[in-house]
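Before any comments, here is the structure.
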Amino acid sequence: MEETIARILTELEEINQIPNTQNQTPLISRSTLLDLHSLLSTNDPDLVSQLFDDLPSKNLSPSSLTNLLSFTMDSAPSYSLLASKVYLSLLLSPNSPVFTLFTPISFLSLLRSLRRAFKNCPSAQPEESPPSHAPPNWKRKGGGRGRGARGNVRGSGDCSEEAGDTFDMKQVFKVFEMLVSVLGLIHLDRFPDSLKSLVQTIGEIPLMAMEKLGNPSSFNRLMDFCSWVLSEVLRSEHGELANTAAEVLKALSPLILMVKSQARSFALGFVTKRMTELGSESDAVKKAVVNFPRFLAQKAPEKAEPRALAVDSIMEVLKVMDFEDQIGYMDYVLKMTQGKANLRLLGVDLIAMMLMSLRDPFGVDLDVKTRDYWGTKCLEALITRCSDLSAGIRARALSSLAQVVGYLSSDDKNKGILKEVMGLSEGGEERPQCGMNDLLRNRCMDDKAAVRKAALLLVTKLISLLDGCFDGILLKTVGMACSDPLVSIRKAAISALSEAFRTFSDESVTTEWLHSVPRLITDNESSIQEECENLFMELVLDRVSRAGPACAPKKGSVSPESYLTTKSLEGELGLLFPGGILILLKGICDGEVTPWVKKLCTSLGKKKRLKPKIAAALQNIIRTSESIWLSHSMPIEKWTAPAGAWFLLSEVSVYLSKAVEWEFLHHHWQLLDKPGSKGKLQSPLLQGNANEDGEGVESNSVAWAGDRVFLLQTISNVSMELPAEPAADLAHNLLKRVEKFNMHSTEVNAHVKALRTLCKVKSLNPDEADQLVMRWGQQLLSKAHEILEKYISDDKEANNDNSFFTPPRSGSRKGKQAARASRLLSKTVTAVYTVGSLVVVCPAADVSSIVPLLYTVVTSGNSDPKLKKLPGPKVSLKQTAPSLYIQAWLTLGKICLADGKLAKSYIPLFVQELETSDCAALRNNLVVMMADFCVRYTALVDCYIAKITKCLRDPCELVRRQTFILLSRLLQRDYVKWRGVLFLRFLLCLVDDSEKIRQLADFLFGNILKAKAPLLAYNSFIEAIYVLNDCHAHNGHNDSKNSRTESRLFSIRGNDERSRAKRMRIYVCLLKQMASEHLLATFAKLCAEILAAASDGMLNIDDITGQSVLQDAFQILACKEIRVSSHRGAASDSAEVEEDGDSSASAAAAKGRAITQAVRKGLIQNTIPIFIELKRLLENKNSPLSGSLMECLRVLLKDYKNEIDDMLVADKQLQKELIYDIQKYESAKARTTAAEAVAGMQNQGVHRSPPCIPKAATGAHPENKMNQKLSSDSKVASAIADAAAEATARSVLREVNKGAMTPPLKAINMPKLKSNQAGSSAKNDRPLDVLESLRRRIDDEN
């Protein structure tokens, strides 16, 4: 060993003589370090003492040895770990001068060598690999790069040595082991920087090791060493525990806030386990741990996923804290919910996690007041955040509240407290002071999609809390959400409404579900169609299937009385049909629901999802209803089945023909087929009107006729399964019934369709079936021709005898003639309708003999001289027989649909009648026919589209709505194009008097049109302004194609507030459809084509319509919808809440913002000169539009402040003029407002300055509200103070003069006031302070 010491000292002496320059650094060689390490490893005190004793002989000192080791650790990456081990061995060697050897610089070098060991590690390697397997692995990694310490001497250069030293994890573990021993020997309280660096290094190592080490056992062992080091640091010998613990937590916080990993698990485990144990022994450590969640909350990221991980980490720490400390942190979180936006968002997440993670949030197991417990406070704070100003926070609060409700409502005790806190009583009614239903209604109609979706999710979760009724308005709101433009919102609304229907079976929920969900079978999204089918199957068909077998009447359940009211009978049926089946069936047959139910049954039938038990259940329900009716000894001819039962059976029987029994159908056909009654046979109103006073059950012919129609449809559907003879007999009976022409129109269609189906059953092949249909069709046509011809001839004779008008008031003979004429008219109307139904079923039928008669009817009473030569009634049947007149048009339209040549001749006649008819029902039918013609004969009808659009302004709401719907469908299917005046005329539907039409128009323009023709709003915007104002005062916008009558019909003329508001609503709707670049282009077009045209004289501003156009332009330029925001058109609804996004999207958004700013600047630079020129023109004309211009200019100066400042920087005078004009306008506006307010106060007898409104005042009094409004603006407040002072002075003078006229203040001179002050007058009783105030007022005015 003496030779080793000599070698070490010799080399150290040589190294010490090398100057430390930038080019060369004195480093200890690897061999010397190995010698030092072997020497120190002996732990021989004598050898160590000899080494330190011999150092002075070589002009060396222990500190110089430490410096050389520091240089080596810093500058020799290949063996820095070896140098670190030597340095730590020196500190741990016996009899070593520890305080001389330990320096902060050398300790920092040691820490840097540890960092470098992990940074330079290129890949992971198992810790203890068998020697036989090591060489192949290292070869794959790059040859000699992976050799161990023993091969370093023979390695090629420093690179191999570095790799070998780096890959040997045993050396790293040894360094950590020695470091722990050194920390027990040296106290770092005197070296706070060294302590801080050590903590930071240990905090960084787990992340670096996780990236480099692939062996879990090696990583876990390394984390154990890190834990030992940090535990050793958390001793009082190393300084104040509070500061040390804070540094440790601060160093571990990045690991805790990162994504889930081994490093995060280590950091969390150390805090929640080791530091918690230390906290039980030290209050300082415990305090640091208690404050750590607050620190994490401040450092939590804003993006969704990292924020969720931060919340999880905080909850892990919170769970190990004492209850008192948890309560303190909850108070802190409640304060966070009132802070900045990022803290409010994090507070919402934390509250939800605390309510679901911590036990007993409402204190149900403790004897405490629920309203004062921490869970109640947190829940109330969460409800408050549901109305936050930020959309993202609102959405997050609603979704979190939904999670909390779903989690806590499983416990009955928590369920009751939830209902109490959320303002829902036991009956499901809302407490006025809470307003949860109002909150949900508002959030379901929120502007932001994410908020609406979260609100619907909350509604779904809250249904379990509503034991009784569902709020009606909220129910309607959820139903409206089923038609939301966004697919995700529609799905959420369907889920919420279906959950309510699944839970409650009352009539309101059932009706709303039937009106909202089934219609989505026509949705564009296939997944919604599938969900609609599944829900209809589950909630409707399966319910009916389950109710059918269980509805057999029980013994003793039938009341012995044979005289019942409708309600008592309905109640008895309700007991047999549980689950609201009667309500469900009744809702299905609603006119607005039946089309969607038909589509659903068709879709399910084609997919073979309809089960035979559905048809069996419906038959059982009908039989049970009949048996109950008979059990009360009621006449069977007055019985009808429950509403909707026959309808649903007729729809499902198309695909379940074998499940419907022929005996069942035959039996009920015999009950319902009573021709001898001539329409007087009626069915009881089981679902309708009952006499409450005990007059028994009334009858309902409509329900009876409906049952007959649906029964016939069912028979038609199952006719293929009928035996041949019963089918032939039934067909014969049906034909006889049709030939009598005495049925209702709804029955006629059913009979004709059933006849056609039965003919197919009787025939052997399709050709024979067609011939058979043609045969009885011609038979019906001939009889209809006879009846119609007879009526026309009789009517003509009656006209010739001057007895066509109202029946005579006396005389039995004339009375019989009138009755016969009435019966003939009814029969004729049915015959004409039958002809139309027959043409639909058999288009090839010969109607050549019927068409002239129909033409005679529709042209009767026409003033055309050519028509007077034709035989027919001279008096129009439009007045004498309107029903026949309408049916003739309807049948003629059906004939034209089947005959193209005839349609070419008669379509102009239809258009003429559409324009001139004064019957709303006929106009409605004509619009439907013209839509059908447009599909069948597009080229023929295209030239009449402009005339059809006049029905959009029809006085009848039904005609307007029908026209809008039909034209919208044609436009979507491209039968009609958005060209000409069609788009401009559709705009007026946005402000229609009917709310339903407005909703349809909003959906058309905001969703369908926006996707189908995105540029239409932009291209037609300027023209829409002129058309809506009916302005022809522009040289380039004179429309000579349309008459003035039509242009006024489709305009909103007028400068009144109501007209301007309507036009502005249309403009706003169009602006919302435009992208950012189109908004900027529209801004430029408004300035160029309206403002510049007005300043150049092309737009006549002396004309009232020209003024309206200009004023509309000012309002549009000042509205917020035309402003281009940085996020418009780029952010999706999901991005409104979650701010996540990749770097490319951020870069694209930044580029878009830069381009937008550049365009805005250029736009404003071209706009301001136009405003200045127009301002001078309006001032010269003393135009009232000057105020609108200044208001618009004020908004532009506010919104485009930076661009305008850059433009006016070279023209200070212009800038001053603009600012002065705007200030002058604002001052005059404020004084006008103040004068109006003072005048209002004087009318109420208030002659005083506005009082100071205290903060506690709620503004309930109108005067207080006015004062609060006026006091909000300093200019208004100043002006009102002046005006009020002037009013007060005038009132005082009026009192002084005893009612005499008060002269102007300037006319009152000073001597009069001084003489009053002298006291010699008889009017000495006037207060001196009043006169003094008047004198000051005069001085101010002078």
Side-chain angles (χ1 to χ4, degrees), residues 672-683 699-709 712 733-752 755 779-799 801 803-809 812-840 847 850 853-858 860-861 872-873 875-895 919 921-922 925:
L672 296 176
D673 185 26
K674 301 294 182 181
S677 62
K678 298 183 180 180
K680 295 182 179 180
L681 178 64
Q682 296 175 334
S683 60
S699 58
N700 185 358
S701 59
V702 177
W704 174 81
D707 285 352
R708 281 177 53 85
V709 170
L712 275 174
N733 294 334
L734 293 179
L735 182 59
K736 292 298 182 183
R737 287 293 311 275
V738 175
E739 288 176 347
K740 294 179 181 180
F741 301 116
N742 60 352
M743 294 183 294
H744 191 269
S745 59
T746 56
E747 295 183 88
V748 172
N749 283 327
H751 280 70
V752 171
L755 269 173
Q779 182 178 342
L780 285 177
L781 286 174
S782 61
K783 292 188 177 183
H785 176 271
E786 294 175 4
I787 294 174
L788 182 57
E789 189 175 29
K790 184 176 186 305
Y791 181 83
I792 293 175
S793 61
D794 291 351
D795 185 72
K796 182 178 179 182
E797 293 176 2
N799 289 333
D801 296 338
S803 60
F804 181 80
F805 294 98
T806 56
R809 299 181 181 178
S812 59
R813 181 178 178 183
K814 292 185 178 180
K816 291 180 181 180
Q817 291 179 354
R820 186 175 62 84
S822 177
R823 288 194 299 270
L824 181 60
L825 173 61
S826 176
K827 195 172 184 178
T828 306
V829 171
T830 305
V832 171
Y833 186 86
T834 304
V835 172
S837 300
L838 183 62
V839 171
V840 174
V847 292
I850 296 289
L853 296 177
L854 294 176
Y855 182 78
T856 301
V857 173
V858 298
S860 60
V875 179
S876 174
L877 293 176
K878 186 176 183 180
Q879 285 79 28
T880 58
S883 58
L884 176 61
Y885 187 77
I886 294 174
Q887 288 296 345
W889 279 107
L890 185 61
T891 301
L892 191 61
K894 293 177 181 178
I895 294 173
C919 177
L922 179 57
N925 288 335

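The structure presented is a predicted model; accordingly, all values stated were derived computationally and were not measured.
Proximity of a side-chain donor or acceptor of S826 to a complementary backbone N or O of S822 within less than 3.5 Å is not detected.
Counting all heavy atoms, side chain and backbone alike, I850 lies closest to L781 at CD1-O, 3.8 Å. Looking at every heavy atom in both residues, L824 comes nearest to D794 through CD2-OD2, 3.4 Å. Between V832 and Q887, the shortest heavy-atom contact is CG1-O, 3.6 Å. Closest non-hydrogen pair, N742 versus R737, comes out as OD1-O, 4.0 Å. Nearest heavy-atom pair, A881 versus Y791, reported as atom, atom and distance to 0.1 Å: CB-OH, 3.6 Å. The heavy-atom pair separating S860 from L877 by the smallest distance is OG-N, 2.8 Å.
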Using side chain to side chain contact (heavy atoms under 4.5 Å, CB included), reason through V857 and L788 one step at a time and then give a plain yes or no. CA-CA 10 Å; V857 173; L788 182 57; 4.3 Å; yes
Using the rule given for side chain to side chain contact (heavy atoms under 4.5 Å, CB included), can you reason through Q779 versus L735, listing the C-alpha separation, both sets of side-chain angles and the distance that settles it, and then say yes or no? CA-CA 10 Å; Q779 182 178 342; L735 182 59; 4.3 Å; yes
Worked verdict on L922 versus W889 for side chain to side chain contact (heavy atoms under 4.5 Å, CB included): CA-CA 8 Å; L922 179 57; W889 279 107; 3.8 Å; yes
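Scanning for side chain to side chain contact (heavy atoms under 4.5 Å, CB included) contacts around E789 gives H785, L853, with sequence neighbours left out.
No side-chain heavy atom of L854 sits under 4.5 Å from any side-chain heavy atom of V847. Side-chain contact between F741 and K783 is present, with at least one heavy-atom pair separated by less than 4.5 Å.
In this structure, the separation between NZ on K827 and CE on M743 is 12.0 Å, given to the nearest 0.5 Å. Within the model, atoms CD of E747 and CG of D707 stand 10.5 Å from one another, a figure rounded to the nearest 0.5 Å. Note: S837 OG to H751 NE2 = 12.0 Å, rounded to the nearest 0.5 Å. Taking CD from E739 and CD1 from I787, the interatomic distance works out to 9.5 Å, rounded to the nearest 0.5 Å.
Partner of Y833 under the side-chain hydrogen bond (donor to acceptor under 3.5 Å, both in side chains) criterion, chosen from T828, N749, T891: N749.
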